[in-house]
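Numbers here simply count residues along the sequence, with the first being 1. Just so you know, ligand 1 is whichever comes first in the structure, and atom 1 is the first atom listed for that ligand. What you see is a predicted model; the values in this text were computed from it and never measured.
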Amino acid sequence: MTRQRMSFPTGGRGWEDLKTEMKSRTKGDIDWRNGRTPLFVFYCDEETYEVGKKAFFEFFTENALGGKRAFHSIGGMERDILDYGLSLFSAPDSGEGVFTTGGSESIFLAMKAARDKLRAEKGFRPGEDKLNLVMGITAHPGFDKAAAAMDIEIRRGPAGDDKRIGADSLRPLIDDRTIAIVGSAPCFPHGVVDRIDELSDLALDAGVWLHVDACVGGWLAPWFTRIGRSTPDFDFRFPGVKSISADLHKFGFCPKPASTVFYRDTEDLERAKFDADAWPNGRFVTATLAGTRPGGAVAASWAVLNHLGESGYCRVAKNLSSMIDAYVEGVEKAGFRMIAKPDFSIINYTRDDVDVFAVAELMNERGWLPGLTRSPKGFHSMMSLLHDAPREEYLADLSWATEKVMAGSVDKATIEATY
Ligand SMILES: Cc1ncc(COP(=O)(O)O)c(C=O)c1O
């Protein structure tokens with residue numbers, strides 16, 4: 001049966017009417033405010049949430065595309081944010097960054113820079129010489145997207161027993177057509193940081209670009225380190241690291257859409273740029289894939305970074321790390337084991353005596369959106385402070401669901417791991 005198409009609205013509806021309908025449309029949504037979703041939303045505290053929201057709407061109309069010519073306020077705030085990141089990630093003086101709309105865009109831009117560098121250096125021709133990208137099995141599909149768009153072959157190596165990607169995994173896959181190797185900080189599936197020290201040595205040895213995907217951990221890791229929580233280093237202090245992607249809209253706790261990509265050398269950023277001149281309006285040069293970008297996102301990130309600052313991020317890091325420890329302890333007490341020991345805020349756990357997907361199915365009935373990994377089969381949560389309040393309830397439901405599955409109340413789980 002074909003779907004009945006909505007006809008174009010006749011118009012004239014007032015705000016109260018629209019708001020009522022929009023509110024009623026949220027009835028089927030997941031209850032994110034009460035920590036029922038293991039991904040998609042991030043939060044640290046109410047004041048920061050309000051600061052981000054207010055700042056966004058102060059600059060609701062401004063377009064970050066015009067940050068250099070029209071909206072100097074936005075251009076200036078963007079500059080500040082990039083400077084904060086360059087310092088945080090120990091970039092050399094030659095380093096530079098770009099504010100983007102998300103991790104996938106940051107990754108795309110870094111991969112374009114790496115591809116164009118290899119082409120420039122080795123004379124590989126567009127459309128004729130197939131190039132490749134080497135990364136671990138755990139790297140984010142954002143790289144597959146970039147590779148698909150740029151006609152690059154993806155080669156994935158295995159993770160170690162601790163779920164980290166090391167040099168031995170990637171070395172055999174590299175050849176003279178490798179545009180880059182990738183390490184994650186941390187990887188999304190298991191929440192652990194790859195062996196960036198080894199990958200840096202490998203990159204220098206093989207003469208290839210190393211990109212660190214710190215979309216999840218980037219803006220959080222420095223504060224974990226600052227509060228004495230030991231987490232592996234991943235940034236430009238490793239000489240092989242050429243670029244880093246780090247999302248503000250994840251653990252920077254800034255409103256979406258907001259990410260950053262940093263390059264060790266400004267000339268590499270130049271390679272990531274799009275430079276178009278063959279049209280009537282003159283030269284159009286952008287360092288982003290997006291053209292128009294919300295000025296509000298830049299303003300909101302600037303405001304959140306300045307609101308929290310070092311002291312606020314350290315406070316959040318403390319709260320978040322104690323919450324993660326409490327979850328780890330709780331799920332272990334409930335008979336589960338960590339698939340990998342988490343470095344930051346992603347936990348991935350399982351048990352062997354029960355079908356965890358069946359447990360997830362029952363949890364879903366109680367309003368918990370399932371986050372799952374399929375190999376190995378396990379629960380997966382990217383946690384922020386929205387998950388603090390419902391911890392006891394979550395753990396109680398986890399035990400309840402596990403017991404029910406053990407008692408044979410689910411025939412066969414139909415649920416699948418999807419992102
Ligand atoms: C490790 C990692 N890299 C990249 C991304 C892509 O980020 P975005 O969804 O902002 O495009 C994600 C998203 O969860 C991620 O976890």
Exercise for the section: Measure from the ring center of His380 to the ring center of Tyr349 and say whether it is less than 6.0 Å. Expected result: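 Ring centroids of His380 and Tyr349 are no less than 6.0 Å from each other.
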
Exercise for the section: Classify the side-chain pair Asp397/Trp368 by whether it contains a donor and acceptor separated by less than 3.5 Å. Expected result: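 Yes, a side-chain donor-acceptor pair sits under 3.5 Å.
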
Handout entry: Pair Asn132-Asp175, side-chain donor/acceptor within less than 3.5 Å
Key =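 Yes, side-chain donor-acceptor contact under 3.5 Å.
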
Which atoms of ligand 1 sit under 4.0 Å from any heavy atom of [X]?
{"X": "Asp247", "answer": "7 (O), 10 (O)"}
{"X": "Ser104", "answer": "6 (C), 7 (O), 8 (P), 11 (O)"}
{"X": "Gly102", "answer": "10 (O)"}

Practice task
Have a look at Phe89 and tell me which of Phe236, Phe238, Phe262, Tyr84 forms a ring-ring contact (aromatic ring centres under 6.0 Å, His included) with it.
Solution key: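 Exactly one option meets the ring-ring contact (aromatic ring centres under 6.0 Å, His included) with Phe89, and it is Phe262.
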
Practice task
Let me know which of Phe224, Trp219, Phe251 forms a ring-ring contact (aromatic ring centres under 6.0 Å, His included) with Phe344.
Solution key: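 Answer after filtering Phe224, Trp219, Phe251: Phe224.
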
Can you tell me which residue and heavy atom of the protein come closest to [atom], and the distance to 0.1 Å?
{"atom": "atom 6 (C) of ligand 1", "result": "His140 CE1, 3.4 Å"}
{"atom": "atom 13 (C) of ligand 1", "result": "Tyr419 OH, 2.9 Å"}
{"atom": "atom 2 (C) of ligand 1", "result": "Asp213 OD2, 3.4 Å"}
{"atom": "atom 9 (O) of ligand 1", "result": "Lys250 NZ, 3.8 Å"}

Exercise for the section: Assess His249 for proximity to ligand 1: is some non-hydrogen atom of it under 4.0 Å away? Expected result: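 A heavy atom of His249 does come that close to ligand 1.
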
Exercise for the section: Compute the minimum heavy-atom distance from Ile107 to ligand 1 and say whether it is under 4.0 Å. Expected result: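 So Ile107 counts as touching ligand 1.
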
Practice task
Let me know which of Thr100, Leu248, Asp247, Thr101 forms a side chain to side chain contact (heavy atoms under 4.5 Å, CB included) with Pro257.
Solution key: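 Checked Thr100, Leu248, Asp247, Thr101 against Pro257; only one passes side chain to side chain contact (heavy atoms under 4.5 Å, CB included): Thr101.
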
Handout entry: Arg33 to Tyr49, cation-pi by 6.0 Å centre distance and 45° axis angle
Key =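 Flagged: Arg33 positioned over aromatic ring of Tyr49.
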
Practice task
Specify side chain, backbone, both or neither for Cys215, according to which of its non-hydrogen atoms lie closer than 4.0 Å to ligand 1.
Solution key: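 Just the side chain.
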
Problem - Short N or O distance, Gly103 and ligand 1, threshold 3.5 Å exclusive - result: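 Checking ligand 1 against Gly103, an N or O pair does fall under 3.5 Å apart.
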
Handout entry: Exam field: side chain Arg293 to backbone Thr288, donor-acceptor pair closer than 3.5 Å
Key =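 The answer is no, because no donor-acceptor pair under 3.5 Å joins these two groups.
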
